[in-house]
Engineer: 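The structure follows.
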Amino acid sequence: GYLWTGRYESAKEVFQKIQIEQPLTDEGVEASFRLGLLHVRLGNPQLALQTFDKLLATSREKNPLTTRYWRLRALELSG
């Protein structure tokens, strides 16, 4: 909910905590994806690219096409 309600710092803290504590669980994978989206939304395309690349490298992403789409958007934003 934090990401969609504009509470970005809270969202970032939650996503990072889940990433650290449960990196390869479904929740950890989802947190990684949402953290990438958050970086795009906050105008940090380089951080988004790093996040999406790490996520895709795990081979656990359930929707790699969506992740690749957002990775491409971050790449476009990075100039």
Engineer: Which pair of non-hydrogen atoms, one from Leu35 and one from Gln19, has the smallest distance, and what is that distance?
Structural biologist: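 That would be CD2-OE1, 3.2 Å.
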
Engineer: Looking at OG1 of Thr51 and CG of Leu55, how far apart are the two atoms once the value is rounded to the nearest 0.5 Å?
Structural biologist: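 The OG1 atom of Thr51 sits 8.5 Å away from the CG atom of Leu55.
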
Engineer: Where is the tightest heavy-atom contact between Ala74 and Ala48, given as atom of each residue plus distance?
Structural biologist: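 The pair with the smallest heavy-atom distance is CB-CB, 3.8 Å.
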
Engineer: Indicate the atoms forming the closest heavy-atom contact of Leu3 with Arg41, along with that distance.
Structural biologist: O-NH1, 3.2 Å

Engineer: Working to the nearest 0.5 Å, report the span between CZ of Phe33 and NZ of Lys62.
Structural biologist: 13.5 Å

Engineer: So, Lys17 and Glu13, do they make that salt bridge, N to O below 4.0 Å?
Structural biologist: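 The answer is no: the pair does not qualify as a salt bridge.
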
Engineer: Of the non-hydrogen atoms in Glu61 and Asn63, which two are nearest, and what is the gap between them?
Structural biologist: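 Looking at all heavy atoms of both residues, the shortest contact is OE2-N, 3.0 Å.
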
Engineer: Taking the side chain as every heavy atom from C-beta outward, state whether Pro45 and Leu75 have any pair of such atoms under 4.5 Å apart.
Structural biologist: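 No; the side chains remain at least 4.5 Å from each other.
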
Engineer: From Gln16 CD over to Ile20 CD1, what is the distance, rounded to the nearest 0.5 angstrom?
Structural biologist: 6.5 Å

Engineer: Should Arg68 and Leu56 count as side-chain neighbours, where that means a heavy-atom distance under 4.5 Å?
Structural biologist: yes

Engineer: CZ of Phe52 to CH2 of Trp70: how many Å apart, nearest 0.5 Å?
Structural biologist: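 Going from the CZ atom of Phe52 to the CH2 atom of Trp70 covers 7.5 Å.
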
Engineer: Closer than 3.5 angstrom, by distance alone: can the side chain of Arg60 be matched with the main-chain N or O of Leu24 as a donor-acceptor pair?
Structural biologist: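 Checked: pair present.
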
